[in-house]
Amino acid sequence: VSGMLSLAAGFALHELTLSRAEFEKLSRTDTLSGLLNRRAFTEALEYTEGDASLVIFDVDRFKAINDRFGHGCGDAVITAVSAILISAFDEMSVVARLGGEEFGIIISGKPLEARMERIEGVRARIASGAIAAEGHDIRITVSGGVADLAAGRNKQAVYASADRALYLAKALGRNRFAMAVV
């Protein structure tokens, strides 16, 4: 009997461990995009050291996409942008969906110019194609703000700078990235 109880207890502990790991993964992942969520992104930002850039961007005029084509097409746009981001950035980068049509990226390493070239490449790639969804070819652009995560800078101040640069990019006509001036 004690052997059976030990076996049952061991199985229950194993299942509990798997459930906890699954819960932890779900609590850090955006279900639509499969990217990290805002909580996991904020945590990664706090632990970022060395040369890196913070990018915050969103899909231009996303509400109009949902209004014109429906939320299913809006979801397809989010999924397509997520796939582009996953393919464009390596394991040295952190890519997340912050909510709605807003995304965040922490690009580490490489000189700032190389990081900016990669960001611009992603913007151009998104703008150059169409997303097929529910019988529609949806063309989108993105705008974003970039802030340098220089050593010693407060991470929340860097985030606020990137956010202000995002609004500047939108004010300058969208479909562009603006670099935060510190």
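Below, all heavy atoms of this structure are taken into account, side chains as well, without hydrogens, waters or symmetry copies.
Identified under the salt bridge (Lys or Arg N to Asp or Glu O under 4.0 Å) test for residues 74-88, with sequence neighbours left out: none. Applying the ring pair (Phe, Tyr, Trp, His ring centres under 6.0 Å) test to residues at least two apart or on different chains, the pairs with a partner in residues 136-162 are Phe69-His136. Applying the salt bridge (Lys or Arg N to Asp or Glu O under 4.0 Å) test to every pair with at least one member in residues 159-173, sequence neighbours left out, gives these pairs: Asp58-Lys170, Asp60-Lys170.
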Legend entry - Residue pair Asp148, Leu112: steps toward the side chain to side chain contact (heavy atoms under 4.5 Å, CB included) verdict: CA-CA 8 Å; Asp148 201 28; Leu112 176 60; 4.2 Å; yes
Inset, instruction - Go through Ile138 and Val77 one step at a time and tell me if the side chain to side chain contact (heavy atoms under 4.5 Å, CB included) criterion holds. - result: CA-CA 8 Å; Ile138 304 169; Val77 166; 4.2 Å; yes
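Between the side chains of Arg174 and Ser143, no donor-acceptor pair is found at a separation under 3.5 Å. No donor-acceptor contact under 3.5 angstrom links the side chains of Asn37 and Arg28, judged on distance only. Using modelled atom types, one finds no donor on one side chain facing an acceptor on the other under 3.5 Å when comparing Ser53 with Arg118.
Residues Leu45 and Leu149 have side chains in contact (heavy-atom distance under 4.5 Å, counting atoms from C-beta outward). Between Glu102 and Phe57, the closest side-chain pair of non-hydrogen atoms is not below 4.5 Å. Contact annotation: the side chain of Val94 never approaches that of Ile105 to less than 4.5 Å [non-hydrogen atoms, C-beta and beyond]. Considering only heavy atoms from C-beta on, Phe103 comes within 4.5 Å of Val81 through its side chain. The shortest side-chain heavy-atom distance between Val142 and Asn175 does not fall under the 4.5 Å cut-off. Here the side chains of Glu46 and Gln156 are in contact, with some heavy-atom distance below 4.5 Å. Residues Ile78 and Phe62 have side chains in contact (heavy-atom distance under 4.5 Å, counting atoms from C-beta outward).
Two different hydrophobic clusters hold Ile106 and Leu35 under the rule that ILVMFWY side chains link at heavy-atom gaps under 4.5 Å. Under the 4.5 Å side-chain heavy-atom criterion for ILVMFWY residues, a single connected hydrophobic cluster contains both Leu32 and Ile126. Residues Val146 and Leu98 fall into different hydrophobic clusters, defined by Ile, Leu, Val, Met, Phe, Trp and Tyr side chains chained together at heavy-atom separations under 4.5 Å. In the hydrophobic clustering of this structure, Leu166 does not group with Leu85; members are Ile, Leu, Val, Met, Phe, Trp, Tyr whose side-chain heavy atoms approach within less than 4.5 Å, directly or through other members. The cluster map of Ile, Leu, Val, Met, Phe, Trp and Tyr, joined by side-chain heavy atoms under 4.5 Å apart, puts Ile107 and Leu54 in different clusters.
Taking CZ of Arg115 as the reference point, atom CE of Met92 lies at 10.0 Å (rounded to 0.5 Å). Taken from CZ in Arg125 to CD1 in Ile84, the straight-line distance is 5.0 Å, to the nearest 0.5 Å. Note that the CD atom of Glu91 and the OG atom of Ser108 stand 11.0 Å from one another [nearest 0.5 Å]. To the nearest 0.5 Å, atoms CG (Asp67) and SG (Cys73) are separated by 12.0 Å. We find the CZ-OG1 distance between Arg153 and Thr48 to be 13.0 Å, quoted to the nearest 0.5 Å. The CZ atom of Phe89 sits 6.0 Å away from the CD1 atom of Ile119 when rounded to the nearest 0.5 Å.
Counting non-hydrogen atoms of neighbouring residues, nucleotides and ligands closer than 6.0 angstrom, the CG atom of Asn66 exceeds 12 such neighbours. Residue Lys155 qualifies as enclosed at atom NZ: its count of foreign heavy atoms under 6.0 Å is above 12. Within a 6.0 Å radius of CZ in Arg176, more than 12 heavy atoms belonging to other residues, nucleotides or ligands are found.
Salt bridge status for Arg38 with Asp30: absent, with no side-chain N to carboxylate O gap under 4.0 Å.
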